[in-house]
Amino acid sequence: MFLFCLFSFIMTTPKLTFAYKRGADTIIADRMRVMGVKESMILLMLILAQGFEYSRTCQCDQKYFCNCSSNELQQVPKVPSNALGLDLSFNQIVSIDINDLSPYIALKTLNLHRNKLKFIHKEAFKSQRNLKVLDLSSNNLEKLFSSWFHELQSLQQLNLVGNPYSTLGPASIFQSLINLRTLRFGSLSLRKVHKNGLEGLTHLEEITFIGSNLRSYESGSLKAARPIGLVSLSLQNLFQNDPGLVSKVLQDVSHPDTVLTIKDVTLTKSNSAEPFKAVREGGTKSFSFQNISTNDEVVTSFLQVMDGSPMYYFGFKDVHLVGEGWWQNASYTHYKNLHTAYICNLDIQGFFGFSSMIQLGFLLMHLHKVSVINSTVFVIPRRTTSLLKNLEYLDLSQNLLSDLTIEPSLYTGHGAYQNLNTLNVSQNVLKSLRLMSRLVTNLKRLVYLDLSHNSFVSMPEKCSWPSTLGFLNLSSTKLRRMTACLPSTLTDLDLSENDLTVFNQRFPQLTTLILTGNRLMKLPQGELLPSLHTLLIQRNALRMFNGSSLRRFKNLQYLEAGYNNFVCSCEFVSFFKRDVGRFIALRDGRSNYVCDTPFTLRGYAIESVRLSVFECYMIPAVSVLCSVIIIVLGLIVVTCHKLHVVWYLQMTKAWIQAKRKPAVGRLAGEIRYDAFVSYSQHDAEWVEEILVPELESAQPSFALCLHKRDFQPGRWIVDNIIDSIEKSYRTLFVLSEHFVTSEWCRYELDFSHFRIVDEHNDSAVLVLLEPIKKETIPNRFCKLRKIMNSRTYLEWPEDEEKRGEFWSNLRAALQRDEC
Ligand SMILES: *[C@@H]1O[C@H](CO)[C@@H](O)[C@H](O)[C@H]1NC(C)=O
Ligand SMILES: *[C@@H]1O[C@H](CO)[C@@H](O)[C@H](O)[C@H]1NC(C)=O
Ligand SMILES: *[C@@H]1O[C@H](CO)[C@@H](O)[C@H](O)[C@H]1NC(C)=O
């Protein structure tokens with residue numbers, strides 16, 4: 001925590017210096033000097049808190065672009081010093097001081113649009129040698145200083161519009177900006193433009209100039225060293241108020257290589273067209289109006305003034321026209337170079353009077369390219385179409401053409417449209433694809449046809465098309481089913497945003513197919529599309545694709561198939577992760593390929609899915625598992641059999657039962673034998689021939705229990721053993737090598753041993769027939785070992801003389817205790 005605080009303190013130190021420098025804040029810094037440590041700490045915490053707030057308001061992305069827009073910031077905030085972009089737009093920053101930007105030497109973009117900047121220190125940008133884009137628009141800068149720009153040799157774009165400076169010049173301001181390409185300059189406050197204003201801008205390609213309230217303009221001011229590629233002038237009422245001044249401006253910017261746009265103007269007085277003479281004389285080839293309000297009268301005088309101009313391109317965008325297109329007073333004029341007319345968002349007040357353009361033949365007959373977009377066009381009368389003999393390109397998109405009006409509008413009589421290469425009727429209200437196909441069949445050179453955003457809904461079974469047609473756009477036309485209507489000559493087909501579920505037509509020349517936004521569940525068959533190069537099929541219902549479906553496309557290179565309902569089977573996931581790149585390039589980024597099923601994987605990128613071996617090989621895995629279980633069970637059964645486990649279990653059960661029997665049960669009356677003799681079959685001879693006669697004939701005689709003689713036939717042997725032991729006072733073990741290897745004996749031993757241990761009596765008597773080394777007793781006979789360790793045993797002597805002693809000892813051992 002402490003370290004963190006210390007770190008933050010170091011980070012915010014420049015802010016302290018900054019606070020010290022400013023008038024109002026000087027007091028704080030002064031106080032800090034006289035204050036005690038405690039107060040300073042509190043103050044420090046406050047400043048730190050401020051620091052944190054700043055860092056929270058800016059969001060820096062991986063590309064080191066920091067967005068601090070719209071945060072009511074009053075100062076340049078602290079951001080990482082390696083920031084490449086800094087967006088401070090829409091804040092309340094009033095000033096930029098010398099050190100505010102000094103840490104950010106890597107900065108390429110700085111946006112200060114719409115703050116309250118009044119003051120920028122002369123050297124504020126001295127570290128920004130890498131800055132390429134600087135936006136200071138919509139602030140309060142009343143004066144511009146060339147010293148700001150001294151170090152900005154890399155600057156390419158500068159925006160200074162919307163500041164209250166009133167003059168440009170007389171001294172050149174921009175001469176350090178040797179790489180500037182784009183300059184936006186001017187405001188409603190600009191009154192005076194001096195010569196040399198643009199001096200030094202040798203690379204300028206584009207200028208936007210706002211000078212609606214200009215009072216004085218020195219000729220040559222906007223004339224750059226080389227003609228500027230794009231000039232856009234926003235002059236508002238200046239055309240009406242001071243046409244002379246506008247002429248001077250236009251003289252400077254008109255040039256055959258300059259694309260000139262006049263913006264935000266009202267042209268309603270007939271004299272307001274006068275200044276365009278300069279445009280004609282300058283040889284301007286490309287000229288546009290944008291955001292203008294005008295009438296028939298001014299358009300007519302504009303056409304008259306521009307008579308004989310080399311104008312090639314004429315643009316008319318966001319225009320409010322009061323009139324009905326009666327421009328025939330200009331019909332003697334010459335526009336033989338006019339090639340392209342681009343009209344967009346034209347709002348005609350006298351819309352219904354504006355029906356036939358026959359009187360505009362002098363303009364129309366030269367045109368090669370015409371766009372009339374979003375301008376409430378509902379028909380082109382037949383008489384007008386016959387003027388369009390040279391037309392190659394016609395864009396009537398976003399209008400009101402319907403099945404009723406499209407027929408005259410595409411009338412091909414009198415040689416109309418015989419050169420038409422591109423027709424765009426996108427976003428109209430057409431409903432019949434059959435009609436459309438019939439009409440365009442007459443367009444013998446048609447290659448591009450855009451019918452998108454109409455409501456065709458269905459396709460006829462058969463259609464006719466021009467044999468040249470290569471590009472067809474039927475996007476968003478509510479189609480439900482494909483038929484043989486579509487021409488097989490196509491190279492590009494856009495069927496996106498429809499309701500298609502099946503794609504089943506053959507297109508031998510098709511290279512690009514767009515099926516995005518339909519309901520296809522499978523990729524189209526590759527055999528139908530032998531030339532296909534690019535396939536876009538995002539947002540359908542594809543469940544998967546695999547090597548064999550992709551291999552059927554002979555030439556496919558690019559696929560975009562994200563946002564489908566992929567079934568993340570093991571097969572598909574592993575194909576997608578490992579092999580898909582061998583067939584095609586996924587152009588839309590792998591992260592857009594997301595699983596839909598199974599439910600547990602829904603929403604996960606296929607790329608990130610990990611399926612376990614078990615999930616992937618369910619059937620083999622289950623079979624293997626079952627086999628293993630069966631084998632293990634088999635092994636267990638065999639082992640149990642081998643190890644007599646069942647026997648052990650039964651033994652244990654019997655033993656537990658025996659243990660449960662109250663000891664009281666062993667009353668003297670129940671004990672029938674003196675001893676139960678436990679012996680191996682190999683020692684039967686000794687037991688039967690020597691031991692039994694000796695003991696049973698002794699005085700008093702001992703009652704012995706032998707399994708051979710006394711076990712009840714038909715009873716289970718363990719029960720017999722237990723029974724015998726229960727009924728015997730003692731258990732006599734005849735130990736020999738054979739005994740040790742005999743399993744039976746072991747059980748008996750186990751049993752008696754339990755009892756021996758349990759009851760702490762000495763019911764076991766051991767007789768050793770031959771010497772047994774304890775080490776030779778197998779480990780599993782641990783009980784025997786234990787007993788031999790814990791008890792003395794009687795050894796059967798080889799020597800006949802010692803046998804008397806043996807017998808007396810044995811008798812003594814078997815003697816019942818008198819109670
Ligand atoms: C269009 O021009 C008028 C002045 O003629 C201006 O007030 C308006 O802001 C301009 N509109 C746009 C979108 O630039
Ligand atoms: C047709 O017009 C629409 C809408 O203006 C446009 O998006 C589309 O690109 C145009 N098509 C062609 C082929 O120019
Ligand atoms: C087809 O038309 C739609 C809608 O106008 C447009 O977005 C799309 O880009 C066009 N397709 C092609 C291939 O130009």
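Note that ligands are numbered from 1 as they come in the structure, with each ligand's atoms numbered from 1 the same way.
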If the condition is side-chain hydrogen bond (donor to acceptor under 3.5 Å, both in side chains), which residues does Y335 pass it with, not counting sequence neighbours? none
E527 and R506 ion-paired at < 4.0 Å: no
Report yes if the distance between the aromatic ring centroids of Y558 and H533 is under 6.0 Å, otherwise no. yes
Measure across S426 and S452 and return the closest heavy-atom pair with its distance rounded to 0.1 Å. OG-OG, 2.9 Å
Nearest option to atom 11 (N) of ligand 3, as decided by whichever heavy atom of T516, D494, L451, L472 sits closest: D494
For ligand 3, note which part of H453 has a heavy atom under 4.0 Å away: side chain, backbone, both or neither. side chain
Identify the closest protein heavy atom to atom 14 (O) of ligand 3: which residue and atom is it, and at what distance? F471 CZ, 3.7 Å
Take atom CZ in R434; do more than 12 heavy atoms of anything else shown fall under 6.0 Å from it? no
Under 3.5 Å, is there a donor-acceptor pair between the side chain of T441 and the main chain of S464? yes
Please identify which atoms of ligand 2 are closer than 4.0 Å to at least one heavy atom of Y393. 14 (O)
For R438, is there an ion pair with E407 - N to carboxylate O distance below 4.0 angstrom? yes
Counting only heavy atoms on the protein side, is anything nearer than 4.0 Å to atom 5 (O) of ligand 2? yes
Check: S397 N/O within less than 3.5 Å of ligand 2 N/O: yes
Atoms of ligand 3, numbered as shown, that sit under 4.0 Å from any heavy atom of S426: 5 (O)
Sub-4.0 Å atoms of ligand 2 with respect to non-hydrogen atoms of Q398: 4 (C), 5 (O)
For the 3.5 Å polar cut-off, considering only N or O atoms, please tell me whether Q236 and ligand 1 meet it. no
Test: D499 and K478 ion pair at under 4.0 Å: no
For I514, the ligand 3 atoms whose distance to one of its heavy atoms is below 4.0 Å: 13 (C)
Ignoring hydrogens and angles, tell me if any N or O in the side chain of S89 forms a donor-acceptor pair with the backbone of N111 under 3.5 Å. no
Ligand 2 and D450, any nitrogen or oxygen pair closer than 3.5 angstrom? yes
Protein heavy atom under 4.0 angstrom of atom 2 (O) of ligand 2, is there one? yes
Could you find the nearest protein heavy atom to atom 10 (C) of ligand 1 and give me its residue, atom name and distance? N291 ND2, 2.4 Å
Within the 4.0 Å heavy-atom cut-off, what D492 brings close to ligand 3 is neither
Any donor-acceptor N or O pair under 3.5 Å, side chains Q92, K116: yes
Indicate yes or no: does an N/O atom of N473 lie under 3.5 Å from an N/O atom of ligand 3? yes
Looking only at distances, can you tell me whether any N or O atom of N424, backbone or side chain, sits closer than 3.5 Å to an N or O atom of ligand 2? yes
